[in-house]
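Since the structure comes first, as structure tokens, the remarks are kept for the end.
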Amino acid sequence: MDAFRIQKEKTLYEKLAILADAAKYDVACTSSGTRRRGDGTGIGNCEQAGICHSFTPDGRCVSLLKILFTNECIFDCKYCINRASNDVERTAFTPDEVCRLTIEFYRRNYIEGLFLSSGVLKSPDYTMRLIYETLCRLRTRYRFQGYIHVKAIPGASQDLIRMTGFLADRMSINLELPTAESLHRLAPHKSRKSILSPMRYVQEQRKENSRELSLYHHAPQFVPAGQSTQMIIGATPESDYQIVRVAESLYRKFDLKRVFYSAFVHVNDDSALPARSDYGPPLLREHRLYQADWLLRYYHFSADELLSEERPNFNLVLDPKCDWALRHLECFPVEVNQADYETLLRVPGIGYTSARRIVRARRTGILDFPDLKKMGVVLKWALYFLTCRGKMMYPVRMNEDFILRNLLDPREKLPKGLGEISYRQLSLFDDKQIEEVKR
């Protein structure tokens, strides 16, 4: 540990302040995704609904201890605050310090798990070994059986990733940027191969582990909550269509549990980065991508249905599902008592839970609009696209502009400069005066 580029010796509290703040750009707001319980010999357990991440205004993580092992890094990624060429205060934990923090925070009921990422110290293998030693001590010496999400270091050996994977619940390898060209331009020390190779390895190990568990139920589990990745949005010129297609490909080829989208935060001055914006990170764009991601994973949509080369970016005033419905009015209205499950999923205002309730309930009777409301259907949206017993809730003209005007709440704060509302595709790059819209 003597090779760290540290300005002065720091207390554990000072290290925590630096490395917790440095970890805020790693996105991991997700449930644990696993039901692994403790065996009674240690502390903590990992229930599927047990990990809920909430952040206070001053950056503290309420439920998950989210830290970097070190903010020292040999890479010089242009978008990263911890890039090698930046003059920032550097520090690092020791494995025992991470263990002590996790256990003490858990005992005080501040957290239920650990999210551990890191800069790259000396080399990927050197850093990955430190992370492995940390998790090994936490699981064995400290008997911690709670949730652990760990970031794998691109370029680290498969043996180290494998050993770490048997100690973690979820593992993620950040894609960083949507395309290889963008990665080469902003993170020249990284390559697409060094990122996708460990991602493929984790996928293969999970499949092999699944076969072992089918034969030996007490075999150790390898990354039981699956793997995820993260893309930075807005640092490079890719369209929403390109980004969604990349995400779709990752889900299909690597069995990812989640793709996280992180709005680009301007922390460095570099000619390769976009100019600073008066309106901050592109949070509305990030929000639309998360909505589209949900449609890919749970609503049987494809990227080519949501966007195209002719319409490469999401609508600013409507969520992707409603936007799709307005562009395909020939598919509506659908009869709620006859439509199949997949068709119901495409109706704005109907989620996958309410769609299942509808399919179950209509086996025993004919449904009407009051019944749909009780099942959780958002009739404010759905009434324009549904019929019950062959009738709509109100007389509706199946016209794009008419439905759009009625869907939008007149009290809603729309993007500045939007002007007269009409149904047309809006580009995220046409208007530089976009403000965040809160639905």
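- In summary, the side chains of N174 and K151 do present a donor paired with an acceptor at a separation below 3.5 Å, with no hydrogens or angles considered.
- In the model, E286 has no side-chain atom that pairs as donor or acceptor with a side-chain atom of S262 under 3.5 Å.
- Donor-acceptor pairing under 3.5 Å is recorded for the side chains of Y251 and D293.
- The environment of H300 atom NE2 is dense: over 12 non-hydrogen atoms of other residues, nucleotides or ligands sit within 6.0 angstrom.
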Might you work through the side-chain hydrogen bond (donor to acceptor under 3.5 Å, both in side chains) test for R162 and Q205, ending with a clear yes or no? CA-CA 8 Å; R162 186 175 186 274; Q205 288 298 305; 3.2 Å; yes
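- In terms of modelled atom types and a separation under 3.5 Å, the side chain of N71 and the main chain of L19 share no donor-acceptor contact.
- Here the side chain of K321 pairs a donor or acceptor atom with the backbone of L345 at under 3.5 angstrom.
- Ring geometry for H149 versus Y147: interplanar angle over 60°, hence perpendicular rather than tilted (30 to 60°).
- Remark: of the listed residues L116, L138, L167, L138 is the sole one forming a side-chain contact (heavy atoms from CB on, under 4.5 Å) with I148.
- Residue R129 qualifies as open at atom CZ: its count of foreign heavy atoms under 6.0 Å is 12 or below.
- With hydrogens and angles left out, the side-chain atoms of Q203 and R206 include no donor and acceptor closer than 3.5 Å.
- A salt bridge does not link K391 to E335: none of the charged nitrogens lies less than 4.0 Å from a carboxylate oxygen.
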Before giving the answer on side-chain hydrogen bond (donor to acceptor under 3.5 Å, both in side chains), spell out for E342 and Y299 the whole-Å C-alpha distance, their side-chain angles and the decisive distance to 0.1 Å. CA-CA 8 Å; E342 286 74 19; Y299 289 80; over 6 Å; no
Please assess N406 against V396 for the test side-chain contact (heavy atoms from CB on, under 4.5 Å), listing each intermediate value before the final yes or no. CA-CA 10 Å; N406 283 276; V396 172; over 6 Å; no
Show your working on side-chain contact (heavy atoms from CB on, under 4.5 Å) between T229 and F254 and close with a plain yes or no. CA-CA 11 Å; T229 193; F254 295 93; over 6 Å; no
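- No donor-acceptor distance shorter than 3.5 angstrom exists from the side chain of T164 to the backbone of I161, with no hydrogens or angles considered.
- R83 places no side-chain N or O within 3.5 Å of a backbone atom of I74 that could act as its donor or acceptor partner.
- Side-chain contact annotation: Y261 with Q230, donor-acceptor N/O pair under 3.5 Å absent.
- Counted by atom type alone, Q227 and S172 present zero donor-acceptor pairs between their side chains at under 3.5 Å.
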Verdict with reasoning, R288 to Q291, per side-chain hydrogen bond (donor to acceptor under 3.5 Å, both in side chains): CA-CA 5 Å; R288 290 287 182 255; Q291 290 175 322; 2.8 Å; yes
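- Atom CZ of R192 is surrounded by more than 12 heavy atoms from other residues, nucleotides or ligands within 6.0 Å.
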Could you go step by step and tell me if F69 and F93 meet the ring pair (Phe, Tyr, Trp, His ring centres under 6.0 Å) rule? CA-CA 6 Å; F69 187 88; F93 289 121; 7.1 Å; no
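- Below 30°, between 30° and 60°, or above 60°: for F144 and Y106 the angle between ring planes is above 60°, a perpendicular geometry.
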Output, in order, the C-alpha distance, side-chain angles, deciding distance and verdict of side-chain contact (heavy atoms from CB on, under 4.5 Å) for L160 and I131. CA-CA 9 Å; L160 285 170; I131 291 175; over 6 Å; no
Passes side-chain hydrogen bond (donor to acceptor under 3.5 Å, both in side chains), E238 versus S182? Steps please. CA-CA 9 Å; E238 291 87 5; S182 294; 2.3 Å; yes
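- When all heavy atoms of K66 and A23 are compared, the closest pair comes out as CE-O, 3.2 Å.
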